[in-house]
Amino acid sequence: MRKGNNSGNYRNPCLTMHQPWASLLVYGIKHVEGRSWPSPITGRLWIHAASKVPDESTIKAMEYFYKEIYAINGVTDIKFPEHYPVSRLLGCVEVVGCLKREELAGWDMVPEGVRLEAQTDYCWLCEQPQKLLIPFEMRGYQGVYNLERKIHDAAVRGLSPVKGPLPVKFPLPDPRDMFSLKPGCIATLTPNVKAAEVDKSSSISAAIAGARAAATQFSKKDQNSPSTSWNNTHEETENARSYNLRSRTRSMPKNNASPSELTDKFNNGALRLSQEEDSSFDKSEGSSSDNQSSVADLQPPTKGSLEYREKSNRDRYEGRSKDNQSTGIESDSRHFPRPPSKIFAAALINLKQ
């Protein structure tokens with residue numbers, strides 16, 4: 001792995017791409033990653049597959065495209081990926097440089113099939129593909145971003161080199177400068193360079209048209225300008241994949257009350273129960289006194305007897321209670337605590353209603 005030259009603060013740069021382009025790059029079938037902006041890094045670039053499941057027609061269109069451009073160089077045995085997983089870290093490639101479209105298209109030092117991959121404003125030149133034996137599930141982001149350290153450390157141990165159908169080594173314009181493959185370098189070396197016209201059969205033209213149509217489906221803004229879309233439209237912000245945690249929680253029933261409403265209901269229920277208990281207590285107290293008075297009328301107690309002393313004490317007690325009620329002070333009986341279990345039970349019954 002070459003030491004990278006990053007224009008940004010990238011420790012473990014990663015790029016999210018749509019399928020099938022992501023797997024085609026990691027499997028060494030795809031040599032050029034096209035973008036509308038120049039590559040901000042050279043060196044290792046991790047490849048992550050976005051969450052969108054590719055259509056079968058898209059897969060067939062891209063496989064057909066690569067079959068046709070490889071056939072120009074006499075390569076017919078191409079082993080395409082059996083699966084195109086999504087929302088996975090797939091592997092990595094080495095970005096050795098970046099050229100403008102017209103530079104790569106007219107660069108006669110690379111195979112003709114690779115030159116046909118120059119369909120975007122900027123072409124990132126990729127070598128040394130490696131795939132993960134077990135792709136890691138993760139979310140992606142837009143543009144080039146840093147891979148999380150723990151994911152990076154685990155992924156490095158699971159890489160396996162891949163030999164593509166036609167391995168390509170992009171020559172350096174300046175062998176002494178490993179970062180010399182940059183936009184404008186080819187034009188500087190050969191000012192009169194023009195895009196060398198590759199003989200395009202009807203099948204090649206159809207393959208290019210199909211690949212462009214497959215690429216532009218991911219970006220509405222690029223549908224009217226296919227020459228600048230291509231696979232630079234693969235990147236996807238995976239906010240849809242990163243689920244909103246609030247939407248995953250179990251929703252509350254519509255008749256559920258807020259905490260303040262629950263408190264009010266509980267207090268109202270407890271107060272109502274307390275009032276009911278007070279009234280029932282007073283009724284029972286009144287009925288017992290009535291019964292006792294009726295019995296007393298039938299059998300008046302003898303002065304000095306135990307019944308006489310009890311009645312006298314009760315009369316004095318009731319007299320004090322009436323005096324306290326007239327002054328706004330509750331009687332002694334009201335100071336006795338109510339069983340809390342009944343209050344809570346009634347409050348809960350009230351909440352259910």
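This chain uses plain numbering: 1 for the first residue, then up along the sequence.
- Going from atom OH of Tyr70 over to atom CD of Glu112 covers 14.0 Å, rounded to the nearest 0.5 Å.
- Using a 4.5 Å heavy-atom threshold, the side chains of Pro129 and Val26 count as separate.
- Using modelled atom types, one finds no donor on one side chain facing an acceptor on the other under 3.5 Å when comparing Ser203 with Tyr64.
- Taking 4.0 Å as the cut-off between side-chain N and carboxylate O, Glu33 and Arg35 count as a salt-bridged pair.
- Under a hydrophobic clustering in which Ile, Leu, Val, Met, Phe, Trp and Tyr are joined whenever their side-chain heavy atoms come within less than 4.5 Å, directly or via other members, Leu159 and Val162 fall into different clusters.
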Next item on the list: Go through the steps for His18 and Thr58 under the test side chain to side chain contact (heavy atoms under 4.5 Å, CB included), then give the verdict.
Entry: CA-CA 11 Å; His18 279 297; Thr58 301; over 6 Å; no
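- The shortest distance between side-chain heavy atoms of Tyr145 and Pro13 does not fall below 4.5 Å.
- Taking every heavy atom of both residues into account, Lys30 and Met17 meet most closely at NZ-CE, 4.4 Å.
- Residues Leu25 and Cys126 have side chains in contact (heavy-atom distance under 4.5 Å, counting atoms from C-beta outward).
- Residue Ser39 comes nearest to Cys98 through the heavy atom pair N-SG, 3.6 Å, listed as atom of the first residue, atom of the second, then distance.
- In this structure a side-chain-to-backbone donor-acceptor pair under 3.5 Å is missing from Asp55 to Ser57.
- Linking ILVMFWY side-chain heavy atoms closer than 4.5 Å, directly or via other members, places Phe80 and Trp21 in a single hydrophobic cluster.
- Connection of Trp46 to Ile134 is not established within any shared hydrophobic cluster, with ILVMFWY side chains joined at heavy-atom distances below 4.5 Å, either directly or through further cluster members.
- Ser180 has its side chain within reach of Pro173: a pair of non-hydrogen atoms, C-beta onward, lies under 4.5 Å apart.
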Check: Checking side chain to side chain contact (heavy atoms under 4.5 Å, CB included) for the pair Tyr122/Lys100: CA distance, chi angles, key distance, verdict?
Finding: CA-CA 5 Å; Tyr122 293 93; Lys100 293 183 178 180; 4.0 Å; yes
Item checked: Derivation of the side chain to side chain contact (heavy atoms under 4.5 Å, CB included) call for Glu117 and His31 -> CA-CA 8 Å; Glu117 292 189 64; His31 303 100; 3.3 Å; yes
Next item on the list: Begin with the C-alpha distance, continue with both residues' side-chain angles, and end with the deciding distance and a verdict on side chain to side chain contact (heavy atoms under 4.5 Å, CB included) for Val86 and Lys52.
Entry: CA-CA 7 Å; Val86 296; Lys52 180 177 174 58; over 6 Å; no
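- With hydrogens and angles disregarded, no donor-acceptor distance shorter than 3.5 Å links the side chain of Thr16 to the backbone of Gly140.
- Of the candidates Glu148, Arg44, His152, Arg149, Asn12 forms a side chain to side chain donor-acceptor pair (under 3.5 Å) with just one, namely His152.
- Between the SG atom of Cys14 and the OH atom of Tyr141 there is a distance of 10.5 Å, given to the nearest 0.5 Å.
- Just one residue in the list Val114, Val168, Leu116 forms a side-chain contact (heavy atoms from CB on, under 4.5 Å) with Val32, and that residue is Val114.
- Under the 4.5 Å side-chain heavy-atom criterion for grouping Ile, Leu, Val, Met, Phe, Trp and Tyr, Leu89 is not connected to Leu133 through any hydrophobic cluster.
- Within the 4.5 Å cutoff, side-chain heavy atoms of Ile29 are placed close to those of Pro165.
- Between Glu127 and Lys169 there is a salt bridge, since at least one side-chain N of the basic residue sits less than 4.0 Å from a carboxylate O of the acidic one.
- Closest approach of Leu90 to Pro85, counting heavy atoms only: CD2-CG, 3.7 Å.
- Residue Lys182 comes nearest to Glu103 through the heavy atom pair O-OE1, 4.5 Å, listed as atom of the first residue, atom of the second, then distance.
- For the atom pair Arg115 CZ and Ile72 CD1, the distance stands at 9.5 Å (nearest 0.5 Å).
- Residue Trp124 holds its CH2 atom at 5.5 Å from CG of Leu15, rounded to the nearest 0.5 Å.
- Smallest separation of non-hydrogen atoms from Ala213 and Thr216: O-OG1, 3.2 Å.
- At distances below 3.5 Å, at least one donor-acceptor pair connects side-chain atoms of Asp177 with backbone N or O atoms of Phe179.
- Between Ile47 and Cys92 the shortest side-chain heavy-atom distance does not fall below 4.5 Å.
- Smallest separation of non-hydrogen atoms from His48 and Ser87: NE2-C, 3.8 Å.
- Leu104 is listed as a side-chain neighbour of Leu125, based on a closest heavy-atom distance under 4.5 Å.
- In this structure, CD in Glu137 is found 10.0 Å from CD1 in Ile151, a value given to the nearest 0.5 Å.
- Taking the side chain as every heavy atom from C-beta outward, Leu99 and Pro183 never approach each other to under 4.5 Å.
- Summarising the geometry, atom CZ belonging to Arg212 is positioned 10.5 Å from atom OG1 belonging to Thr120; distances are rounded to the nearest 0.5 Å.
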